[in-house]
Amino acid sequence: MQERDGSKEEEELVTPGEVLGKASEFKAGRGAYVAPHGNTVIRTSNVSSSFSRTWFSSLVFPFKRPTVEVTGHKAHGAVPEPGSIVIARVTKVMVRMASADIMCVGPKSVREKFTGSIRQQDVRATEIDKVDMHSSFRPGDIVRALVLSLGDARAYYLSTAKNELGVVSAESTAGAAMVPISWTEMQCPLTGQIEQRKVAKTESS
């Protein structure tokens, strides 16, 4: 914990889409937002590699709610390995596969370029033959995935088949950070438009 400008500050690593706290207890500062659909939590909105979470609790105005801010965290090189959880940005979606650039391995950023592939059979655990890749991911989506193995052409095979894996951050056509409303849908807070995704389940979902 550090003290700065009359405030107390605590830091820890978080990833995109992670719940930071209840809106009734904290104010959303830089890099955070309040989910609008009765979901009284604050989530990270940045899509950088990794983050520091900071509470600014005013000592001068003790009755004010602390502010939660999310700031960029200095990159530390990391290498994906089978069994590790990664954060990746989807770059291309095809009929049977989606490609993604791996940005983080656990809480650590990567320094080299690592490519991942999410195959149709690894998107979810049930009704695999009915998976529609274009309804599961879109280019630009940030996903949390499990590394299965090193596949072809040095692309890691990734899986989002567990409930806690999948899309954690997505941008709508209107340019807004979309809000999960179910395990298969996300909604634009500006237009109300609903889009299909393989959504990662969070603590509040």
Is D141 paired with R89 through a side-chain N to carboxylate O contact shorter than 4.0 Å?
no
V79 vs V110 side-chain heavy atoms within contact, under 4.5 Å:
no
Same cluster (ILVMFWY, side-chain, under 4.5 Å), M97 and I102:
no
Rounded to the nearest 0.5 Å, what separation is found between the OG atom of S159 and the CZ atom of R124?
12.5 Å
NZ-CG distance between K162 and L146, expressed to the nearest 0.5 angstrom
6.0 Å
With heavy-atom distances below 4.5 Å as the criterion, would you say the side chains of Q193 and T191 are in contact?
yes
Step-by-step side-chain contact (heavy atoms from CB on, under 4.5 Å) determination, V167 to I142:
CA-CA 6 Å; V167 177; I142 305 299; over 6 Å; no
May I ask you to test the T173-E195 pair for a side-chain heavy-atom distance under 4.5 Å?
yes
Is it possible for you to check whether R119 lies under 6.0 Å from the centre of the six-membered ring of Y157, through NZ or CZ, and within 45° of that ring's axis?
yes
When rounded to the nearest 0.5 Å, the distance separating OG of S182 from CD of Q187 is 10.0 Å
Indicate yes or no: at least one non-hydrogen side-chain atom of M133 is less than 4.5 angstrom from one of V95.
no
Below 4.5 Å, heavy atoms only, C-beta onward: do Q196 and T184 meet side chain to side chain?
yes
Are F114 and L150 linked, directly or through intermediate hydrophobic residues, by side-chain heavy-atom contacts shorter than 4.5 Å (ILVMFWY only)?
yes
Determine whether I87 and V143 make a side-chain contact, defined as any pair of heavy atoms from C-beta on separated by less than 4.5 Å.
no
